[in-house]
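Numbered from 1 within each chain, the chains take letters A, B, ... in sequence-line order.
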Protein chains: 4
Amino acid sequence: MDFTSDNSWGAAPEILAALAAASDGPALSYGDDPITARLAGRLNEFFGREVAAYPVVTGTAANALALATLCPPHGAIICHAQSHIAVDECGAPEFFTHGARLVLLNGKDGKIDVASIEAALPDFQRGIHASKPSVVSITQASEFGTVYRPTEIAAIANAAHGNDMTLHMDGARFANALVHLDCAPADITWKAGVDALSFGATKNGALCAEAVVFFDKAADFEYRRKKSGHLLSKMRFLSAQLDACLENNRWRIYATRANALAQRLAKELASIGSVEIAYPVEANAVFASLPDDVAARLREQGAKFYDWAPSSGGRTLVRLVCSFATPERDIGRFAGIARGP
Amino acid sequence: MDFTSDNSWGAAPEILAALAAASDGPALSYGDDPITARLAGRLNEFFGREVAAYPVVTGTAANALALATLCPPHGAIICHAQSHIAVDECGAPEFFTHGARLVLLNGKDGKIDVASIEAALPDFQRGIHASKPSVVSITQASEFGTVYRPTEIAAIANAAHGNDMTLHMDGARFANALVHLDCAPADITWKAGVDALSFGATKNGALCAEAVVFFDKAADFEYRRKKSGHLLSKMRFLSAQLDACLENNRWRIYATRANALAQRLAKELASIGSVEIAYPVEANAVFASLPDDVAARLREQGAKFYDWAPSSGGRTLVRLVCSFATPERDIGRFAGIARGP
Amino acid sequence: MDFTSDNSWGAAPEILAALAAASDGPALSYGDDPITARLAGRLNEFFGREVAAYPVVTGTAANALALATLCPPHGAIICHAQSHIAVDECGAPEFFTHGARLVLLNGKDGKIDVASIEAALPDFQRGIHASKPSVVSITQASEFGTVYRPTEIAAIANAAHGNDMTLHMDGARFANALVHLDCAPADITWKAGVDALSFGATKNGALCAEAVVFFDKAADFEYRRKKSGHLLSKMRFLSAQLDACLENNRWRIYATRANALAQRLAKELASIGSVEIAYPVEANAVFASLPDDVAARLREQGAKFYDWAPSSGGRTLVRLVCSFATPERDIGRFAGIARGP
Amino acid sequence: MDFTSDNSWGAAPEILAALAAASDGPALSYGDDPITARLAGRLNEFFGREVAAYPVVTGTAANALALATLCPPHGAIICHAQSHIAVDECGAPEFFTHGARLVLLNGKDGKIDVASIEAALPDFQRGIHASKPSVVSITQASEFGTVYRPTEIAAIANAAHGNDMTLHMDGARFANALVHLDCAPADITWKAGVDALSFGATKNGALCAEAVVFFDKAADFEYRRKKSGHLLSKMRFLSAQLDACLENNRWRIYATRANALAQRLAKELASIGSVEIAYPVEANAVFASLPDDVAARLREQGAKFYDWAPSSGGRTLVRLVCSFATPERDIGRFAGIARGP
């Protein structure tokens, strides 16, 4: 019963098989191989237009490289105070951008909105005495398992562009958001005004594969990837993961399963009187407020999950993440233990 | 007939199998998994002492992270003018160290020596007006396929330590050097005074796996790896590659084969009157000076390899790299074409 | 009637005279001159112990260099959300530290306290996923013209040291704080646990002179100053300003005058029914809430000052700064206009 | 008899007087003052066109800020191996550019030429594996006291622009070069293709004043100056130095005197059989090869100067720098001692 994270599970068998297949024979290194070329075509098809896409091995690298391409060293990046780039990447955005400032906004359900962005700007629009607002970064699905609607994204993009900023989307769980919205990838990216996307596959069946996708131009990105050690020599093994994930809509199959398990888990937990679901369950994570004795009982009986806040008033907010590989029986078992005898 | 690089070949089947095996079931992410723990033990055994070792996906990342740990932003790193960190990493050492200066030495057969290090120091030992000499970095095996002897390394280490510097070894082809020397890993690392090693597996059968190995302390390394996006969430897939490479001395089997093929290729080429072998062949690369028509004929008949210098006087220096996976028949075929009809 | 800032006024005549005197004859450059040596002695005397002090030309440089010496690139710096390093230095701390994160605390009257520091720590004490809390930075006198008591500083220092952090003090208006407290420099620095001080003279009569003062060791500071272009070749002209400021307790004379004018201004304004003094007036700045028509009348009649917040409810919070050179008559005149006809 | 450097002398009386005059009354800070505005006009007049000029306090800051504006973090800067940015600034170019690589060229008399630039380029024009050649930097007058002709500069500018690079000129001794060439400032800057100039006044009578001058656009320069702590709050004191230096052609008077003294010193030394002048004396420095006993005798009798290379074969290359303030009698006295009894 492992609900700690979607990266606590291994890789999908089809992706492992693609790695083995990719290994056959010699190929040019550093991305000049046929699999990387095939991936480029597949991504164009996925997004419904030509894109500039660059595989990397981690979401932190994808986010930080995307932000560094969009934001000068003296720039400011506006994001949710609980976003991954703000709290879980040990200053990677600052490292890759050479010192840009993160501007942290609060916002309901892990999402930011136009009003909070515009309220933050005046402090930074005083000429050279403050970092220059350069990028807005949103997370889709958010850290709290919620999903931005296309209209919400478009409104944020307008606010960003209207203030001479660009819009970055951290899509570590992009597939989960897509499945929830049941829309085309284009609808929540370039058609809505997103300039750069960190498109994640690691949490959705891959071993270590994300793509940084630019919808316009990506000045100097390849230099930045190379000098940060993120250009793999045997690039085909990275491209093959993304390629296999996109092939035959596997991304959708994996994410659909993860989301459905989260829905089922949420539904079961919500039916327990002592449990409260903290945020709308729109992706593959359930945030639940549990009585401390319930959390303890779950752990005693083998459930693994993270507390999301310190215990308070006898209750703890916990995060429960489902993945493409979470066993279905774990859902019922977890809920059963939570419900108690 | 692909002799372009040892990274133009895929991965060893045993390593691919290890990946598949590693995927089973849930595991803690970010390195707190059993495979990473097992790898730690295996590396201790390999080096004959406890080491602090950190897997990363590229040699550039391994080198740059090691150097950044050893060298302050105002430091200088002394290395061969043709070393990988100097010419092939797009400024990665400068990026990770936040601006350290590389001091480029020439040296016979791709190796540097104590005399050239000591000759370079006075320019940098003038207090704060020049970057502070902080690290010497050597490449084992070197970019030219030559190998440092244990005594050579020890002499360089003494010179480094005697001048308040540390010694880094870029071991992207460490296994090839070990096989050539037929000594223990300890003999050319910590026993000889090496402080940090980039231990490569990618060129020796892995998909994308290197380990940064510290023999003393590794202050802050884990922060640096994390904030540069080089800490994999599903770390087990990276550790599994290194683990499989070390298990049953596979590293030795792969490197032995690559070295032997290079020896055979060199021997055959040396027997051709018009061909000159440029450097001692001690690892898995052969640098040969070919008449331009011979080079052209080889390429026409399907051989792939890189020129190492522009054509001059009707001859070109080319690099021919063998790997664990180079087909044996390609050696004879290549030599046959070179020999001509 | 210029109350915009204490840096809108020129230099004290004694300091200008010291510059002229310093110009005589040749002297070794880069700080190996007799005036810099004399300054070192004078600073030791000022602080009642040996200190390592380094002159620079701006407060931004002093703060950023001090912080970079204390904080690694992956570190976090805890400070007030309205501190100069947070809002007025365009990311200088991030630039000099190579990407450290500022952690912004709110706090009454522009000051932070132990409770807010300790509340912020848990988010950053999760291993390598968040920047490592490394430095607490306080401002003395604060941006709001308030002053930390020795006991308050000691408590913060204890909290910092107890959590493996150091304590930096931005003393751009250190002299004004000292005069208010009527204590020895040692009492609010090293005796209270401060590790590094930005000791300002620019706002207190100099042209462009601050000193970064370390009470313990200052690893590598001189390299950092040099490579950031802050080591003056004709250093004597920078040292002479600080030297003249300390000589004959001029610093005290200047700051006493500035503080006294602020006190008088605050007293006069406080006696006007429609005016509210926003923060305790303990240094040389008065923050007053004025009816918008009063602010407009003042400006019409020649008063210069900055709004500190947008107008709200017909009132505006304004900042009024006095300096060593503010004409005494401007106080009465300003208050008279504010009082109205 | 101080010939150590042109920065071992103080400031010109007219410039000190300008400082005192600048101190009168209040003025807006950070450059919004009338003296800074007046300086802008004077620089436009000096260069014969509108320029974007930004005062800073050191040559290191001027060079590094100019280079950072012209060169991306993954760029390469081509310069002479003995240039100030290469050997005397402790990695400031790397710090401000966030890690650009210096490419060091040798060249006769301290100057580089088109042939050596073009010979260096191929190593860096291999796509993303090497830093991208972005800037050529030349020093006028050079570190060896020689001066580039307008045609030499134009040829280098053409080579730079033809390879998608820009041209920076380190003009710490720009005035000395101008006086030697007896041409207009425009002739050796924008008319010859220079994109950015570090225009020095510190070595020519100022206390601490240089201007970074852009002839085209200066994207983001002001952000870079601010965040590096190089924007003075009381900017008028910096602008006043440059203003006074340009007023009434004082720069020419000072530099003419320094150059003339160097010429006289060189002439006298050249007439001594045992002394050899190493480089053409075109600015204010004389490089002379002295028998070691002559050098010793000079030092015994009070002469101060730096060795430029270690003693070899009983002789030492020494550098003798004259300034606007060097006493005329010191020339004859020095030569007399060198000549011997």
Side-chain angles (χ1 to χ4, degrees), chain A residues 1-2 4-13 15-17 19-20 22-30 33 56-65 89-96 98 202-203 206-208 223-224 226-238 304 323 325-326, chain B residues 1-2 4-13 15-17 19-20 22-30 33 56-65 89-96 98 202-203 206-208 223-224 226-238 304 323 325-326:
Chain A
M1 285 191 294
D2 191 310
T4 55
S5 177
D6 27 17
N7 58 35
S8 68
W9 294 89
I15 292 178
L16 285 164
L19 279 188
S23 185
D24 194 41
L28 286 176
S29 47
Y30 296 114
D33 63 272
V56 295
V57 291
T58 66
T60 296
N63 286 336
L65 282 164
E89 301 187 351
C90 194
E94 287 92 337
F95 176 50
F96 282 79
H98 304 290
T202 307
K203 292 178 191 292
L207 297 81
C208 57
Y223 281 103
R224 292 180 194 278
K226 171 67 185 175
K227 77 171 179 169
S228 62
H230 283 290
L231 178 63
L232 296 201
S233 56
K234 298 181 178 176
M235 175 65 87
R236 53 173 144 169
F237 289 119
L238 180 46
K304 292 183 179 170
S323 91
T326 303
Chain B
M1 285 190 295
D2 190 308
T4 54
S5 177
D6 29 16
N7 58 37
S8 68
W9 293 90
I15 293 178
L16 285 163
L19 279 188
S23 186
D24 195 41
L28 284 176
S29 48
Y30 296 114
D33 63 274
V56 294
V57 291
T58 67
T60 295
N63 286 336
L65 282 165
E89 300 187 351
C90 193
E94 288 92 336
F95 176 51
F96 282 78
H98 304 291
T202 307
K203 292 178 191 291
L207 298 81
C208 56
Y223 281 104
R224 293 180 193 276
K226 171 67 186 174
K227 77 172 179 168
S228 62
H230 283 289
L231 178 63
L232 296 201
S233 55
K234 298 182 178 176
M235 174 65 87
R236 51 173 146 168
F237 289 118
L238 180 45
K304 291 183 178 168
S323 91
T326 304

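Proximity to chain B is absent for every atom of A64(A), based on heavy atoms less than 4.5 angstrom apart. When heavy atoms are compared at a cutoff of 4.5 Å, A206(B) approaches chain A solely by way of its backbone atoms N, CA, C and O. With a 4.5 Å cut-off on non-hydrogen atoms, L232(A) touches chain B through its backbone and its side chain both. With a 4.5 Å cut-off on non-hydrogen atoms, L231(A) touches chain B through its backbone but not through its side chain.
Chain B forms the most heavy-atom pairs under 4.5 Å with one residue out of K226(A), K304(A), E94(A), H230(A), and that residue is H230(A). The choice from A325(A), A62(A), A92(A) that makes the most heavy-atom pairs within less than 4.5 Å of chain B is A92(A). Ranked by non-hydrogen atom pairs under 4.5 Å with chain B, the options A61(A), A12(A), P13(A), S23(A) are led by S23(A). The greatest number of non-hydrogen atom pairs below 4.5 Å with chain A, out of S29(B), A20(B), P26(B), is found for P26(B). The candidate from T58(A), L207(A), T60(A) with the greatest count of non-hydrogen atom pairs under 4.5 Å with chain B is L207(A).
Of the possible polar contacts, none joining the R236(B) side chain to the L28(B) backbone as a donor-acceptor pair under 3.5 Å is found.
The structure places CD of E89(B) at 11.5 Å from OG of S228(A), a figure rounded to the nearest 0.5 Å. Summarising the geometry, atom CH2 belonging to W9(A) is positioned 15.0 Å from atom NZ belonging to K203(A); distances are rounded to the nearest 0.5 Å. Distance check: L16(B) CG to L19(A) CG gives 7.0 Å after rounding to the nearest 0.5 Å.
Scanning both residues, S5(B) and D2(B), for their nearest heavy atoms gives N-OD1, 4.2 Å. The two atoms that bring D33(A) and A27(A) nearest to each other are CB-CB, 4.0 Å, heavy atoms only.
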Show the numbers, then the answer: is there a side chain to side chain contact (heavy atoms under 4.5 Å, CB included) between F237(A) and C208(B)?
-> CA-CA 8 Å; F237(A) 289 119; C208(B) 56; 5.8 Å; no
